[in-house]
Number of protein chains: 2
Amino acid sequence: MTAPVGASNGNAPEGYDKYAYEPFAVTVDLAVFTVRAGTLQVLLVERGQEPYAGRWALPGGFVLPDESAEEAAWRELAEETGVTDVPGLHLEQLRTYSEPGRDPRMRVVTVAFAALFPDAPVPHGGGDAAQAQWLRFNAIGPLAFDHDRILADAHERVGAKLEYTCLATSFCPPEFTLGELQQVYETVWGTPLDRPNFRRKVLATPGFVEQVPGAARLTGGRGKPAALYRAGGATALHPPLLRPTTEGRP
Amino acid sequence: MTAPVGASNGNAPEGYDKYAYEPFAVTVDLAVFTVRAGTLQVLLVERGQEPYAGRWALPGGFVLPDESAEEAAWRELAEETGVTDVPGLHLEQLRTYSEPGRDPRMRVVTVAFAALFPDAPVPHGGGDAAQAQWLRFNAIGPLAFDHDRILADAHERVGAKLEYTCLATSFCPPEFTLGELQQVYETVWGTPLDRPNFRRKVLATPGFVEQVPGAARLTGGRGKPAALYRAGGATALHPPLLRPTTEGRP
DNA sequence: ACAAAAGTGTTCTTGATACACCCATGG
DNA sequence: CCATGGGTGTATCAAGAACACTTTTGT
């Protein structure tokens, strides 16, 4: 029941006073991932005040009175990174965290989002983006609030999404090699993949990637130049590309 | 950033007045499904007041100051159905809907949940459960607020979850036949399945179901009595049980 | 005897896995 | 010429799809 009052079930609070209750603050928290140099990185900000002063935290902020959580998330992402209109940037709602004690100051309900950032563009620093920084996912100590859990949930979600969607291209620049795409999978999953099979799988999925006609690029300085690809129009991946040795994940 | 104020990014509102903003109401909405007599049914309540007076709506209500959204959802479910401690009942967070105009009276952010109810126990009526009723999913007209969308999202989620979890047993009574389990899949997905293959698939997944030793039951009055099964301990389904002709779902 | 529902077996095809192997480029 | 990374081919195996068939009950 959405209605705050006068709901047809008799359990909603009586009266219709907007201010009758201790107010809830509604915020968004963002788990922004990127893959750079073969490592998984997360965008974090350092807290200046108590509680958790000096700790790292997920970027985020209030949902303003006239915007949805999605709009707030996009706005915050732009403010933290200083980047607007990143092509191929993916942002999706993760879940909502509402435990009463999660912020010691007041009741804060946060809608968490997971975002995939392509490599390269403007990591941090410039402009009004205060001190947002990319940190290695594996080297992240305890975060403020319940952000460790949010980050873990986001990581699991991103890993799962790579299996059955074409989302991995959101981690890549507009043009990329199949080796780079494979590195995205290997970095997020933390497991090596068989190159020939990965290649077949990707190319056999219509609309996953499309080749840039004549282009080629040298990847590591050495070796044969690799063909370049762009993201195709497909979003789903059928059949899925499963993580190796996947037993009993809920 | 969870902090309402003094956050390390400069974008959070200044000051630390809990009442400085138009307050957000936080509610939960429940999409409760069951499979009865080969049809998919949804628990709905009829609204008594404006807006949307006389329309059907998802059951739900406020998140109280000292409970999480999950606790509120369990409480509302118990209140609407009059049932507590239903074994095998499954409830999970779906997503949060926060568009500013979704309730015309005030700003209401709702955390939506999807629940699977086993067949049979206490449909409605008794006790304080006002007028919650089971309606056929296929015969549901336009609902109040944005509940059509929430219900559609919940249905899609439930359908997807049947593919890769053992969740279907949550639709069944404690003891059930494989034919009944198959009917759950067919009802939710709306597609017929091959019985021999379904059977093999279910039995080949360790921990999905376990047979009740000597028991058997006559299903439709005629035919061979079917063996009875209980839900096993497993939660995940590897490899998944995919919907037929599944092309291009995001 | 027949219908209806449970349960078993078999074939065919697809997709995943694990390799071996060739190609192009820089040092 | 060799190390490095890109790209191709192939044999093997497990899983899913389709369907024929048997068994047990009620009418």
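Per chain, numbering begins at 1; letters A, B, ... match sequence-line order.
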Nucleotide range of DNA chain C lying under 4.0 Å from chain A heavy atoms: C:dA16 to C:dG26
Is there a side-chain contact between B:W189 and B:E163 (heavy atoms, below 4.5 Å)? yes
B:T169 side chain near B:Y229 side chain, heavy-atom distance below 4.5 Å: no
Is the shortest side-chain N to carboxylate O distance from B:R95 to A:E92 below 4.0 Å? no
D:dG16 P sits how many Å from B:Y185 OH, rounded? 13 Å
Pairwise 5' ranking along DNA chain C for A:D194 and B:A227, keeping only the more 5' one: B:A227
Plane angle bin for A:F33 and A:H155 - parallel if under 30°, tilted between 30 and 60°, otherwise perpendicular: tilted
Exactly one of A:D29, A:D153, A:T110 should register a side-chain hydrogen bond (donor to acceptor under 3.5 Å, both in side chains) with A:Y97. Which one does? A:D153
Which of residues 198-210 of chain B have a heavy atom under 4.0 Å from DNA chain D? B:R200, B:K201
Rounded to the Å, how far apart are B:R243 CZ and D:dG16 C1'? 17 Å
Under 4.0 Å between a Lys/Arg side-chain N and an Asp/Glu carboxylate O for B:R75 and B:E71? no
Taking atom P of D:dA17 as reference, at what distance in whole Å does atom CG of B:L241 sit? 8 Å
Just the rounded figure in Å: distance from C1' of D:dG6 to CD of A:Q183. 14 Å
At 4.0 Å (heavy atoms only), tell me whether B:P239 reaches a base, stays on the sugar-phosphate, or touches nothing. sugar-phosphate
With a 4.0 Å cut-off on heavy atoms, is A:P225 in touch with a base, just the backbone sugar-phosphate, or nothing at all? sugar-phosphate
Is it the case that over 12 heavy atoms from other parts of the model lie below 6.0 angstrom from the CZ atom of B:R149? yes
So, A:E76 side chain and A:P59 main chain: donor-acceptor pair closer than 3.5 Å or not? no
Any side-chain heavy-atom pair of A:F171 and A:V188 under 4.5 Å: yes
Could you check B:R195 against A:E180 and say which one's nearest nucleotide on DNA chain D is further toward the 5' end? A:E180
Toward the 5' end of DNA chain C, by each residue's nearest nucleotide, B:G223 or B:Y229: B:G223
Mapping A:N197 and A:R222 to their closest nucleotides on DNA chain D, which lands nearer the 5' end? A:R222
